[in-house]
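What you are looking at is a predicted structure, and each value in this text was computed from that prediction instead of being measured.
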Amino acid sequence: NCPPGLEYLTQIDQILIHQQIELLEVLTGFETNNKYEIKNVLGQRVYFAAEDTDCCTRNCCGPSRPFTLRIIDNLGHEVITLHRPLRCSSCCFPCCLQELEVQAPPGTPVGYVVQNWHACLPKFTIQDEKRMDILKIIGPCVVCSCCEDINFEVKSIDETATVGRISKQWTGFLKEAFTDADNFGITFPMDLDVKMKAVMIGACFLIVSLSFANT
């Protein structure tokens with residue numbers, strides 16, 4: 001049942017995502033395509049992720065922009081594709097909130113991340129390829145913190161048990177203040193369906209774009 005290229009995910013229960021700092025973006029403020037290294041806990045690169053959007057979309061739509069993000073293994077094979085369509089980013093329109101489709105391999109949907117309306121909390125549902133709800137993600141009321149990590153708890157569908165976490169990791173004042181390069185950690189059960197692990201990675205990138213983009 002494991003999609004090709006995701007075999008390594010079956011052996012781990014946590015993964016790290018490091019956004020690469022783009023010098024042009026730091027110097028000019030001009031939004032460039034985001035690039036990320038996905039590593040294991042030893043710091044070894046497992047996958048590389050790159051956003052694929054045009055210049056106009058990036059700089060006009062900002063954090064609300066639609067995107068395609070391609071995740072590539074160390075052999076250069078695209079193993080996961082994330083598609084985020086253009087949707088309303090306002091909580092005033094709960095019928096048209098954010099959504100992300102996860103494909104593994106490209107062209108084969110394995111799950112979805114769906115934003116849920118809530119008055120004060122960032123909430124998301126992880127769904128399988130049949131649109132069945134599998135897990136919930138609940139973030140803090142204020143997605144801003146100084147000198148400590150920001151945690152989004154991954155919970156069972158009834159929200160009674162915590163089964164994982166997506167964390168934005170504090171990287172130091174200078175880096176936090178002058179770049180939008182972030183570090184994230186994802187933990188999940190070792191025996192979680194590998195497809196749902198891939199969808200959790202997708203959920204992390206959706207959270208990055210909604211909650212931690214400077215533009």
Side-chain angles (χ1 to χ4, degrees), residues 1-3 6-19 36-41 46-47 49 63 69 71 79-84 87 89 91 94 97-104 109-145 148-171 182-213:
N1 258 357
C2 181
L6 302 189
E7 293 83 2
Y8 184 76
L9 292 182
T10 65
Q11 309 170 39
I12 59 174
D13 60 0
Q14 54 185 308
I15 203 162
L16 307 174
I17 298 177
H18 298 289
Q19 183 176 354
Y36 306 85
E37 288 188 313
I38 301 175
K39 302 179 180 180
N40 61 21
V41 293
V46 181
Y47 301 109
L69 194 141
I71 298 179
V79 295
I80 302 174
T81 303
L82 309 179
H83 286 297
R84 177 191 174 188
R87 304 289 289 270
S89 60
C91 63
L97 296 177
Q98 299 298 320
E99 183 174 303
L100 181 134
E101 180 184 80
V102 181
Q103 300 176 359
V110 295
Y112 301 85
V113 185
V114 180
Q115 184 182 21
N116 305 133
W117 186 88
H118 193 277
C120 58
L121 296 176
K123 298 185 72 172
F124 305 86
T125 298
I126 287 179
Q127 300 176 333
D128 65 12
E129 69 273 18
K130 297 179 181 178
R131 291 284 188 169
M132 297 290 292
D133 294 351
I134 304 298
L135 296 167
K136 294 284 188 178
I137 301 175
I138 304 175
C141 182
V142 179
V143 188
C144 180
S145 184
E148 62 182 25
D149 294 351
I150 302 171
N151 297 318
F152 288 72
E153 303 295 338
V154 181
K155 294 183 174 290
S156 57
I157 200 63
D158 60 4
E159 301 183 12
T160 59
T162 299
V163 300
R165 177 177 292 171
I166 297 174
S167 300
K168 179 186 182 296
Q169 299 170 339
W170 172 254
T171 55
D182 294 319
N183 294 324
F184 282 81
I186 307 173
T187 59
F188 34 63
M190 182 76 74
D191 59 353
L192 182 66
D193 185 340
V194 69
K195 295 178 182 178
M196 294 302 100
K197 291 183 180 182
V199 179
M200 280 189 62
I201 293 174
C204 181
F205 283 112
L206 182 59
I207 289 170
V208 169
S209 63
L210 289 175
S211 301
F212 301 107

In the structure I gave you, are the side-chain heavy atoms of [X] and [Y] within less than 4.5 Å of one another anywhere?
{"X": "Ile137", "Y": "Ile126", "result": "yes"}
{"X": "Trp117", "Y": "Leu97", "result": "yes"}
{"X": "Leu210", "Y": "Pro122", "result": "no"}
{"X": "Val79", "Y": "Tyr8", "result": "no"}
{"X": "Asp149", "Y": "Arg165", "result": "no"}

Among Val46, Ile201, Thr81, Val102, which one satisfies side-chain contact (heavy atoms from CB on, under 4.5 Å) with Ile71?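 Per the side-chain contact (heavy atoms from CB on, under 4.5 Å) rule, the option paired with Ile71 is Ile201, out of Val46, Ile201, Thr81, Val102.
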
side-chain contact (heavy atoms from CB on, under 4.5 Å) with [X]: which residues, sequence neighbours excluded?
{"X": "Asp13", "value": "Met190"}
{"X": "Asp158", "value": "Ser156, Thr160"}
{"X": "Pro3", "value": "Leu6, Ala104, Pro105, Val194, Lys195"}
{"X": "Val41", "value": "Gln14"}

Between atom [atom1] of [X] and atom [atom2] of [Y], what is the distance when rounded to the nearest 0.5 Å?
{"X": "Cys204", "Y": "Ile15", "atom1": "SG", "atom2": "CD1", "value": "10.0 Å"}
{"X": "Ile17", "Y": "Ile38", "atom1": "CD1", "atom2": "CD1", "value": "5.0 Å"}
{"X": "Lys168", "Y": "Ile207", "atom1": "NZ", "atom2": "CD1", "value": "13.0 Å"}
{"X": "Ile166", "Y": "Ile138", "atom1": "CD1", "atom2": "CD1", "value": "12.0 Å"}
{"X": "Thr125", "Y": "Ile157", "atom1": "OG1", "atom2": "CD1", "value": "5.5 Å"}
{"X": "Leu206", "Y": "Leu69", "atom1": "CG", "atom2": "CG", "value": "11.0 Å"}

In chain order, what residues pass the side chain to side chain donor-acceptor pair (under 3.5 Å) check against [X], with sequence neighbours excluded?
{"X": "Glu7", "value": "none"}
{"X": "Thr162", "value": "Lys155"}
{"X": "Asp193", "value": "none"}

What salt bridge (Lys or Arg N to Asp or Glu O under 4.0 Å) pairs are there with at least one residue in residues 126-139, not counting sequence neighbours?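 Qualifying pairs, neighbours excluded: Glu99-Arg131.
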
ring-ring contact (aromatic ring centres under 6.0 Å, His included), paired with Tyr36, selected from Phe184, Tyr47, Phe205: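 For Tyr36, the ring-ring contact (aromatic ring centres under 6.0 Å, His included) test succeeds with only one of Phe184, Tyr47, Phe205, which is Phe205.
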
Partner residues of Glu37 under the salt bridge (Lys or Arg N to Asp or Glu O under 4.0 Å) criterion, sequence neighbours left out: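 Partners of Glu37 under the salt bridge (Lys or Arg N to Asp or Glu O under 4.0 Å) test: Lys39, Arg45.
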
Residues that Glu159 engages under salt bridge (Lys or Arg N to Asp or Glu O under 4.0 Å), provided they are two or more places apart: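 Lys123.
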
Strictly distance-based, threshold 3.5 Å: is any side-chain N or O of Lys197 a donor or acceptor partner for the main-chain N or O of Ile12?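 Confirmed, Lys197 side chain pairs with Ile12 backbone.
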
Name all residues meeting the ring pair (Phe, Tyr, Trp, His ring centres under 6.0 Å) criterion together with Tyr112; count only those two or more places apart in sequence or in a different chain, and write none if there are none.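 For Tyr112 there are no ring pair (Phe, Tyr, Trp, His ring centres under 6.0 Å) partners, ignoring immediate neighbours.
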
Looking only at non-hydrogen atoms, find the nearest pair between Thr10 and Cys2 and report the distance.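 Shortest heavy-atom contact: CG2-SG, 4.1 Å.
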
